[in-house]
Number of protein chains: 2
Amino acid sequence: MNLNQVLAGFRERGLKLTPQRQQIVMVLLAAGRPLSAREIADLVHRSFPNIGLGTVYRTLEALRGFGLLDEILFPDGGKRFEFHRQHQHHLICLGCGQAVAFPFCPADCLVKVAEQNPDFEVRGHTFAVFGYCRDCRETGGQGE
Amino acid sequence: MNLNQVLAGFRERGLKLTPQRQQIVMVLLAAGRPLSAREIADLVHRSFPNIGLGTVYRTLEALRGFGLLDEILFPDGGKRFEFHRQHQHHLICLGCGQAVAFPFCPADCLVKVAEQNPDFEVRGHTFAVFGYCRDCRETGGQGE
DNA sequence: CTACATGCAAAGACTTTGCACAGTT
DNA sequence: AACTGTGCAAAGTCTTTGCATGTAG
């Protein structure tokens with residue numbers, strides 16, 4: 001997933017390529033981990049001090065609309081957003097929020113599911129692993 | 001997962017077993033699919049017309065606290081709650097919201113993840129498949 | 001120039017919290 | 001009797017929406 005791909009997505013749909021949108025996309029790409037709407041707004045705020053949360057949400061909705069964005073529910077109940085990089089899933093630290101992508105996909109499960117439920121039209125799936133990274137384990141970040 | 005197991009959970013922790021809590025638990029067990037906080041409140045409302053949403057949320061938080069409850073993010077952005085039945089995951093219809101459990105778990109992925117990230121302490125994972133069931137496909141429920 | 005996007009603010013949805021009273025143990 | 005839970009309502013947080021203005025195409 002790169003910037004141009006995403007920008008092309010807007011164009012294809014007749015949506016406009018405003019500087020704010022570009023910045024939102026760049027922030028998401030640069031973070032390399034799931035961000036909350038608020039985090040995105042704060043980061044974009046550096047370049048666009050007047051940006052409204054509405055703009056962030058509208059942009060996220062657009063990205064989600066053309067299938068480029070995943071929404072992830074963290075165990076703390078908060079939602080985060082990130083581009084899905086052609087089928088990677090994530091290892092997410094509950095202490096520091098760092099996310100590491102891993103290339104394994106529960107494909108065999110999907111196949112079994114599809115076999116046993118031929119009438120079900122699969123449209124998507126989610127898979128995420130939560131836990132604590134080494135740093136957070138060492139610093140006691142695993143506190144419940 | 002059955003009623004007594006859950007009720008024992010409250011007892012073990014010195015929490016009280018009020019009729020409202022029992023009803024909330026029963027509603028969740030009876031539904032057999034993920035419910036939103038609002039749905040739970042509405043269902044419990046039949047038995048306890050005065051129940052407050054606060055009570056529902058507090059009970060859900062307690063259940064989550066002792067690890068009996070999963071929180072699932074639907075593609076529409078809404079959260080749903082349900083007991084995790086000893087490691088089943090779900091096939092969830094985006095049209096009618098019906099959920100069917102399936103026994104496959106992306107265990108091999110978890111193993112690979114653990115192998116390649118020995119410093120990461122895995123605490124949990126989520127896996128869900130979304131799509132459209134036969135009824136919803138036939139009735140055009142798959143509209144985007 | 002036209003249509004769509006932005007910023008702002010209000011509205012709406014969802015969730016948490018404080019408090020007085022009630023109910024469980 | 002002690003202490004926790006409940007209902008209610010207010011407060012907080014998160015997200016969506018309306019509208020006048022701005023700007024990309």
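Scope of the values below: all heavy atoms of this structure, side chains included, with no hydrogens, waters or symmetry mates. Each chain gets a letter, A, B and so on, in the order the sequences are listed, and its residues count up from 1. Bear in mind the structure is a predicted one, so any value in this text is a computation, not a measurement.
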I want to confirm an ordering. Mapping B:Glu71 and A:Thr59 to their closest nucleotides on DNA chain C, which one lands closer to the 5' end?
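The residue closer to the strand's 5' end, by nearest nucleotide, is A:Thr59.
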
Where is the tightest heavy-atom contact between B:Ala128 and B:Ile92, given as atom of each residue plus distance?
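Shortest heavy-atom contact: CB-CD1, 4.4 Å.
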
Find every protein N or O atom lying less than 3.5 Å from an N or O atom of nucleotides 23-25 of chain C, and list the pairs.
from: C:dG23; atom 1: N2; to: B:Lys16; atom 2: NZ; distance (Å): 2.7
from: C:dT24; atom 1: O2; to: B:Lys16; atom 2: NZ; distance (Å): 3.0
from: C:dT25; atom 1: OP1; to: B:Leu17; atom 2: N; distance (Å): 3.4

Enumerate the protein-to-nucleotides 17-19 of chain D contacts in which both atoms are nitrogen or oxygen and the separation is below 3.5 Å.
from: D:dG18; atom 1: O6; to: A:Arg58; atom 2: NH1; distance (Å): 3.3

Would you check if the side chain of [X] reaches a backbone N or O of [Y] as a donor-acceptor pair within less than 3.5 Å?
X: A:Glu12; Y: A:Gly9; result: no
X: B:Arg38; Y: B:Leu53; result: no
X: B:Arg21; Y: B:Leu7; result: no
X: B:Arg80; Y: B:Phe74; result: no
X: A:Lys79; Y: A:Glu71; result: no

Please report, rounded to the nearest Å, how far the [atom2] atom of [N] is from the [atom1] atom of [X].
X: B:Glu39; N: C:dC14; atom1: CD; atom2: P; answer: 11 Å
X: B:Gln20; N: D:dC8; atom1: CD; atom2: P; answer: 11 Å
X: B:His45; N: D:dC8; atom1: NE2; atom2: C1'; answer: 13 Å
X: A:Arg64; N: D:dT16; atom1: CZ; atom2: P; answer: 8 Å
X: A:Asn50; N: D:dT23; atom1: CG; atom2: P; answer: 12 Å
X: B:Lys79; N: D:dC14; atom1: NZ; atom2: P; answer: 10 Å
X: A:Phe10; N: C:dA3; atom1: CZ; atom2: C1'; answer: 16 Å
X: A:Ile51; N: C:dA9; atom1: CD1; atom2: P; answer: 15 Å

Hey, is the side chain of B:Arg21 poking within less than 4.0 Å of OP1 or OP2 on D:dG5, counting only N and O atoms?
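B:Arg21 to D:dG5 OP1/OP2: side-chain N or O found under 4.0 Å.
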
Which distance, rounded to the nearest 0.5 Å, do you find between the [atom1] of [X] and the [atom2] of [Y]?
X: A:Arg134; Y: A:Arg137; atom1: CZ; atom2: CZ; value: 8.5 Å
X: B:Ser36; Y: B:Leu60; atom1: OG; atom2: CG; value: 10.0 Å
X: B:Leu28; Y: B:Thr59; atom1: CG; atom2: OG1; value: 9.5 Å
X: B:Phe81; Y: B:Leu68; atom1: CZ; atom2: CG; value: 14.0 Å

For the helix from C:dC1-D:dG25 to C:dT25-D:dA1, what angle separates the axis at the start from the axis at the finish, each from five pairs, in steps of 10°?
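Axis angle across the helix from C:dC1-D:dG25 to C:dT25-D:dA1, nearest 10°: 50°.
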
On DNA chain D, nearest-nucleotide positions of B:Phe48 versus B:Gly14: which is more 5'?
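Going by which nucleotide is closer to the 5' end, it is B:Gly14.
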
Between A:Arg58 and A:Thr55, is a side-chain contact (heavy atoms from CB on, under 4.5 Å) present by the stated rule, with each step listed?
CA-CA 5 Å; A:Arg58 278 182 287 230; A:Thr55 299; 4.2 Å; yes

